[in-house]
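Heads up, the thing below is written out as C-alpha cells.
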Amino acid sequence: MNERNYKIQKIDDYRWRILREGKMHVDGIVYADESMMKEIQKDESLQQVINVACLPGIVGHSLGMPDIHWGYGFPIGGVAAFDMEDGVVSPGGVGYDINCGVRLLKTGLCRVEISGKLESIVDSLFVNIPSGVGSHRKDLKLSQHEVKNVLKNGAQWAVSHGYGSKEDLEHIEEKGCIFGADPELVSTRAIERGLAQLGTLGSGNHFVEVGYVSEIFDEKIARTLGLEKDGITIMIHTGSRGLGYQVCDDFIKVMIRASGKYNIELPDRQLCCAPINSPEGRDYFAAMACAANYAFANRQMITHWVRESFERALHVSPKESRISLVYDACHNIAKFEDHLVNGQKKRLCVHRKGATRAFPPNHPDTPAAYKAVGQPVFIPGDMGRCSYVLVGTEKAYSDTFGSTCHGAGRVMSRNQATKVAKGRSIAQELKEKGILVRADSRATLEEELSDAYKDVTKVVDVVQHAGISKKVAQLKPLCVIKG
DNA sequence: ATGTGC
C-alpha cells in the first residue's frame, strides 16, 4: 500500500525534486524542510503531485507547497500551470470550495482599547454572521435573478447594494470580480443553494478571527499595508458555500465524460479534465468564475456585518473603528495569467488549490497602493497559535507561477483529531490561553484542534527561506467564531 | 469543503 516508486532528490534545504519518469511530462517540485518532507510522505499527496505531472499540456513543474496534503485528485497545496493550446482545466485542480480565500481587515483600534470587550465582540459577530453547515441568512434571501447578478459581478454587486465601499474593491484580487463568468452555465440546483447563503461562514476550517499584530518583521512594508504593533485586525476565511460545491460536483460529471471524449489518459479519475479550449473546458471556467464571484461577494458581505458588529459591541462610529480592507486573496482557483516559460512570455491556465497568488512588486495585478511592496498574502494558522502576513516576490513569479502556501496544513485527519480531542473541552482550553471561541458545533471545534495542524511558523519559514514570499507581520488571535 | 452517503 505504501510502496513508493518515485525518486526524490534534495535540491536545497527547502526544495525537493521528484524526477520525471514514466508518463510524467515534467518534474515535481515540493517546498518543504527535511522534517516536513518525512510527514508529507505519510499520505498520498506526493503521488498526487506525480499524477498531476502526467496531465496534458502541463508546463514548468507540478508544484507542492509546504502545507501540501492529500486532496480530491490534485493535492491541497498544489500549483499546476497548463499551456492554453494543448493544456487542460480541471475541477479537481481548483477544489470543491471554489475561491475559498482569506481577507484581512485592519482597524483603528489597538489591543488595550478592546480588552474587556472581547466577550461582546465575539457574541456580536456570532449573532450577525450565520455559521455552521448549511447556515443561511434569515434577513436576506435573494431571487434567482439577483443571485445571477452576484455571479456576474462578485464583490462589486455587494458594494453597489450598500455592503462596503468602492475603496474595498481596490483591495481584492481581481477587484472582486473574475472576468468571463456566465450564470447560464450554473445549474438551477447550484443557484438554489446560493439563495440564502450569501454572507454566511460555513463550517470546517472557516472562521472570522479578531487578532492583533504581535510582531513585525518588516517595518516599511507593514506601514504600507497599514499594520502596526498591537493594532487590531480581523481575518475572514470562507468561500463559495453550497453554490461552489454544487458547481464543482456538476462539472466533475461533465469532465469525466469529457476526459473520455478527448482521449485524456488519467492516472486517477479524480483528475478528470477537458482541454482549456473545448466547450467543456470553457463552460467549466465560466461556471467556476461565477462561484468565485459568489465567494468574493460572500466575504464582502461578511465584512459589512463585521463592521456592524464592532460598532454595536463597542458603541463606536465607523469613523472611530476605522475598519478597512488590507487585501482579499483566493486560494482555490484557476486563472489565466502571463508567465515566462523558457524565457518567453506565455498565457497559461494556473491552477492554485490550497495555494495563494503571491505576485511581486510592480506587477500590473498588484494593487496600486502596494505596487512598491508586492501583493499581500495571508497565511492563517490554527485556532491556538498565530497567523502571518507576507508579500509576494520576484522569485515566486519566476519559480512557482507567482504562488505560495495557504495555511498550516493538516497533520491529522478530521477523524483522528476527534479521537485526540475526546474528553477535552477545546473551547475551555482556548479560553485559558486567552482566546474566546464561539462555534456552531462542538464536533467542528474538535476537528479543528490546534494539534491537528502543522506549526504554521514552520510552513511560513519554508516559503520565506525559499524566497517565494517575504514575512511582514505575525498576528495572534483574541477571539474567533467558527462553523 | 459539502443540506458531511444515493
Side-chain angles (χ1 to χ4, degrees), chain A residues 43 45 48 67-78 90-103 130-138 141-142 147 186-208 236-253 256 270 287-288 290-292 294-296 298-299 302 329-334 351-356 380 382-383 406-410 412-419 421 439-449 452-453 481-483:
Chain A
D43 72 15
S45 56
Q48 293 190 314
D67 49 343
I68 190 170
H69 53 116
W70 180 87
Y72 182 92
F74 290 59
I76 297 162
S90 173
V94 172
Y96 267 87
D97 191 2
I98 296 167
N99 189 7
C100 188
V102 178
R103 80 164 42 186
S131 309
V133 181
S135 49
H136 59 275
R137 293 202 75 96
K138 294 193 178 84
K141 186 169 177 185
L142 303 177
V147 170
V186 175
S187 67
T188 307
R189 193 173 176 200
I191 287 174
E192 276 170 0
R193 291 184 73 169
L195 297 177
Q197 288 196 325
L198 202 58
T200 67
L201 193 58
S203 179
N205 59 6
H206 290 165
F207 63 80
V208 174
I236 300 168
H237 176 211
T238 185
S240 50
R241 311 287 289 101
L243 184 143
Y245 178 95
Q246 194 61 48
V247 167
C248 180
D249 210 41
D250 292 340
F251 273 91
I252 279 170
K253 288 164 202 140
I256 285 173
Q270 294 185 353
M288 182 216 70
C290 287
Y294 188 91
F296 281 134
N298 192 30
R299 292 193 288 271
I302 289 175
C330 323
H331 57 226
N332 275 10
I333 201 148
H351 294 63
R352 296 191 183 91
K353 180 188 192 180
T356 316
D382 57 81
M383 286 186 296
H406 87 305
R410 278 192 169 272
M412 275 181 216
S413 69
R414 290 178 193 277
N415 275 334
Q416 269 179 292
T418 305
K419 276 181 201 155
D440 178 70
S441 116
R442 191 194 158 98
T444 302
L445 216 52
E446 291 176 351
E447 288 171 2
E448 291 299 307
L449 182 79
Y453 284 90
I481 67 164
K482 297 272 311 166

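Lettering follows sequence order; numbering is per chain, from 1. What you see below is based on every heavy atom in this structure, not just the backbone, and it leaves out hydrogens, waters and symmetry mates.
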Interatomic distance, [X] [atom1] vs [N] [atom2] [rounded to whole Å]:
X	N	atom1	atom2	result
A:Y72	B:dT4	OH	P	17 Å
A:D97	B:dT4	CG	P	15 Å
A:R414	B:dT4	CZ	C1'	9 Å
A:K253	B:dC6	NZ	P	9 Å
A:N415	B:dT4	CG	P	16 Å
A:R189	B:dT2	CZ	P	15 Å
A:I252	B:dT2	CD1	P	15 Å
A:E448	B:dT4	CD	C1'	14 Å

Between A:E446 and A:K419, is there a side-chain N and carboxylate O pair less than 4.0 Å apart? no
Check: A:H237 ring centre within less than 6.0 Å of A:H406 ring centre: no
With a non-hydrogen cut-off below 4.0 angstrom, is [X] in contact with a base, only sugar-phosphate, or nothing?
X	result
A:Q197	sugar-phosphate
A:S203	sugar-phosphate
A:H136	nothing

Quick one: is B:dT2 close enough that its OP1 or OP2 comes under 4.0 Å of any side-chain N or O from A:R241? yes
Can you name the residues that form a side chain to side chain donor-acceptor pair (under 3.5 Å) with A:S203, not counting sequence neighbours? none
According to side chain to side chain contact (heavy atoms under 4.5 Å, CB included), who are the partners of A:P380, at least two apart in sequence or on a separate chain?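 A:P380 satisfies side chain to side chain contact (heavy atoms under 4.5 Å, CB included) with A:V102, A:F207, A:M235, A:S387 only.
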